[in-house]
Engineer: 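This is the structure I have questions about; it appears just below.
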Protein chains: 4
Amino acid sequence: MRERDDDKQRRILAAAGQIVMDEGIAAVSLSKIAQAAGIASGTLYTYFKDKNAMLKALYLHHKEAMAKATTQFDPSGDPERELRHYMDLVYAYAQQHLADMLLIREFNQSPVLQQLGVTRAEAYAGYEPIVQLTERGVAAGVFMPVVFDVLMSYAYTPVVEYAVAVANGLIDPQTVPFDRIKMLSCRAILVHPKA
Amino acid sequence: MRERDDDKQRRILAAAGQIVMDEGIAAVSLSKIAQAAGIASGTLYTYFKDKNAMLKALYLHHKEAMAKATTQFDPSGDPERELRHYMDLVYAYAQQHLADMLLIREFNQSPVLQQLGVTRAEAYAGYEPIVQLTERGVAAGVFMPVVFDVLMSYAYTPVVEYAVAVANGLIDPQTVPFDRIKMLSCRAILVHPKA
Amino acid sequence: MRERDDDKQRRILAAAGQIVMDEGIAAVSLSKIAQAAGIASGTLYTYFKDKNAMLKALYLHHKEAMAKATTQFDPSGDPERELRHYMDLVYAYAQQHLADMLLIREFNQSPVLQQLGVTRAEAYAGYEPIVQLTERGVAAGVFMPVVFDVLMSYAYTPVVEYAVAVANGLIDPQTVPFDRIKMLSCRAILVHPKA
Amino acid sequence: MRERDDDKQRRILAAAGQIVMDEGIAAVSLSKIAQAAGIASGTLYTYFKDKNAMLKALYLHHKEAMAKATTQFDPSGDPERELRHYMDLVYAYAQQHLADMLLIREFNQSPVLQQLGVTRAEAYAGYEPIVQLTERGVAAGVFMPVVFDVLMSYAYTPVVEYAVAVANGLIDPQTVPFDRIKMLSCRAILVHPKA
DNA sequence: AATGAATGAGCCTTCATTCAT
DNA sequence: GATGAATGAAGGCTCATTCAT
């Protein structure tokens, strides 16, 4: 359970992530991971206590990376501007790391998540700026009366779904540009949407 | 591979569905299903070609049931009223069959779905009324310019997410009633939201 | 966990017993058993719930066989005569089934036994005639005041140890015949040993 | 494979012994031992060639310790008195080191012992006083005509079995005191038992 | 059509042993 | 001499699938 070789740990998580994205959580097997990571199967246990610990680390790692990337806005700035900024960040992240987002989504919605023993604190780690933004926007009368989870339903989920639909060819970005999504979400959340 | 005994097939799908809802897709095993359905494991192969075929049938069955229940509106009625009606139907279904919806969602978002060989036509079966409603609403200038998938992002997904959050205790329905969600979604989609 | 094929179950136990006798309990592996029994490894689970259940069955089977063979005396006959008879039966069994006895002994003295969940009732099953003989002999004033376990220490254990020592060439049966053992044990247990 | 640090070797054997006593020979693993002994697993190989060598050392160490403790009688003294003394020593040792005795017994009766390559000379080391006592007692006409192994069957084994039965609650030492065992064994071995 | 015993690949995990540091 | 990461074989067990009955 040591972590002598940080690079190796990274390779393991990368290999596991690839499998989850390609074949789903259910298809993850330690032997596949070991092979993909170029190590012996037993070596996995030097880096993770067991399979669940590895999946948990994988999940939290991706989740934190995304949280960090999508919270690079100013939570004390103008709520409307920061909300738009947040959605841009999410979309930018989706364009570069869509698979990672799908991995997070698959975990979020899988009963496996409970077995991993992810605490609520761990699950929310990194999202504080968004919570803060939500509260400030509502308090300032700029946002409709929403709570964190509701705001995410309109500012995060539609963006990801849009990116997925575009990637799958279900939506033509020429016909429906990302700005349209942003506009719709703003209409929902902002008390006085611009246009 | 005939379907001699329709009741038996139903029992199989019911047993499988229960397991998916309780433990996730990954936990489904044919022996568990057989036992829960009260039949011999080999008999499963009389009704389904293999495990994937059974999962596909399970998925489509639940999806169609939900599609049927949530499209009991008048697709040629007033778009705004029918949109609200649709959201009510979705919420009503979520309150009675949340597990079914989660099953559908777990499938939708898992790479497993591709392995099951679900065609695009099968995936969209039953949703025609919503497609029709979308097109009519947009054409009439009542809806913002959206396509089917985008409308679902605002009229279906937030409702399900809300129901899940309430079920998990993350949202207090006293503080955030369902009407709030409906209002937000209408603000997004309708050109002239009522209030 | 069915037992359709009694012969197969017998073959499994025989194979397992052989391995225990040859290499010890610790060396028992299900794959070895399967190979020796000429079946696939998974098939073992048709006959036994798991490895422990199989070992328990193995232990009890051998123990009961020995108990049955060594209690073919008349528990209500003359205590002295029946005691001698019992020792003869034990020795006869040892000459034909020494390995079985060693298997029983290895189980008895292994911490594994506790994991197998052998109840006290199961452990004593089949020994009732000896318990009865002990009590009658003591009550009649023919035996020294002993309880079951003590009697076994003098009437059973030395016989087995003798048989083992002879088998290992540590004792020459010409020099020390079995009658010598029987005499010593009788001197210990009987109030008035014959010679 | 030198023995630089005698203390470390002792700690290793102590750790291994504890595991054998607690969980049985089969549960011994070198990593467990290393952890319990506070050394790195690789270091074990500095002190022992391999696992078998370690087990053999463990066995012999305990056996010699017991042999030394139970042969603190005067092998040239009065045979009857010394025989009683020997049994007292065995019982005293059992009361303080029952687990050690069970460890020895588990080894003695397991086929594993042969794999360890214990020579006959090693097995008998330390028991010379008892051999000598046996021969003198028989020659003097005080003991019945027994050889070493037979004497042990009556003077050692019943004592250990008694101690185990008491420890397991199978025998109540109030009802059956140790003196009873000593008396029975003396009746078997002595030509003219006292009482 | 229905059964369920049988199969053997594959899963997660542990372990004795090696070797670069 | 000591370390502990790395190895890969082996262990117990589950599972989808087949097939004789």
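Note that the structure is predicted; figures quoted are calculated from it, not measured.
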Engineer: What residue pairs, at least two apart or across chains, pass salt bridge (charged side-chain N to carboxylate O under 4.0 Å, His left out) with a residue in residues 100-125 of chain C?
Structural biologist: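 Found C:K56-C:E122.
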Engineer: Are C:M66 and C:H97 side-chain neighbours, meaning at least one heavy-atom pair lies under 4.5 Å?
Structural biologist: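 Of all side-chain heavy-atom pairs linking C:H97 with C:M66, none is under 4.5 Å.
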Engineer: When you measure from the side chain of D:T46, which nucleotide among F:dC13, E:dC11, F:dA2 comes out closest?
Structural biologist: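 Looking only at heavy atoms from C-beta outward on D:T46, the closest nucleotide is F:dA2.
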Engineer: Are more than 12 heavy atoms, taken from residues, nucleotides or ligands other than B:Q114, located less than 6.0 Å from that residue's CD atom?
Structural biologist: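 No.
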Engineer: Between D:Y47 and F:dA2, is there a side-chain N or O to OP1/OP2 distance below 4.0 Å?
Structural biologist: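 Yes, within the criterion.
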Engineer: Measure from the side-chain N and O atoms of D:T46 to the backbone N and O of D:T43, and report whether any donor-acceptor pair falls under 3.5 Å.
Structural biologist: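 Yes.
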Engineer: Using a heavy-atom cut-off of under 4.0 Å over every strand shown, decide if B:S41 touches base, sugar-phosphate, or nothing.
Structural biologist: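 Touches a base.
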Engineer: Counting only side-chain nitrogens and oxygens, does D:T43 get under 4.0 Å of the OP1 or OP2 atom of F:dT3?
Structural biologist: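 Answer is yes, contact under 4.0 Å.
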Engineer: Are the side chain of D:K68 and the backbone N or O of D:G126 linked by a donor-acceptor pair below 3.5 Å?
Structural biologist: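 Checked: no pair found.
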Engineer: Pull out every residue in residues 14-28 of chain A that has a heavy atom closer than 4.0 Å to any atom of DNA chain F, ordered by number, or say none.
Structural biologist: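 Within this stretch, nothing sits under 4.0 Å of the strand.
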Engineer: Does the D:K32 side chain pair with the main chain of D:A27, one donor and one acceptor, at a distance under 3.5 Å?
Structural biologist: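 Such a contact is found between D:K32 side chain and D:A27 backbone.
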Engineer: Please check the phosphate of F:dG11 (OP1 and OP2 only) for any side-chain N or O of C:S31 closer than 4.0 Å.
Structural biologist: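 Checking C:S31 against F:dG11: at least one side-chain N or O falls below 4.0 Å of OP1 or OP2.
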Engineer: Are D:K8 and F:dA2 close enough that a side-chain N or O sits under 4.0 Å from OP1 or OP2?
Structural biologist: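 So the side-chain polar atoms of D:K8 do come within 4.0 Å of the phosphate oxygens OP1 or OP2 of F:dA2, strictly under.
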Engineer: From the set F:dG8, F:dG11, E:dT17, return the single nucleotide nearest to any side-chain atom of C:K32.
Structural biologist: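 Closest nucleotide to the C:K32 side chain: F:dG11.
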Engineer: So what is the 5' to 3' dot-bracket string for DNA chain E, if pairs are Watson-Crick or G-U wobble with both distances under 3.5 Å, crossing pairs use [ ] and | means the partner sits on another strand?
Structural biologist: .||||||||||||||||||||
Engineer: Return the value, rounded to whole Å, for the distance between atom OH of C:Y45 and atom P of E:dC11.
Structural biologist: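 Taking OH of C:Y45 and P of E:dC11, I get 17 Å after rounding.
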Engineer: From the set F:dG8, E:dT7, F:dG11, return the single nucleotide nearest to any side-chain atom of C:I39.
Structural biologist: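 When the side chain of C:I39 is considered, E:dT7 is the closest of F:dG8, E:dT7, F:dG11.
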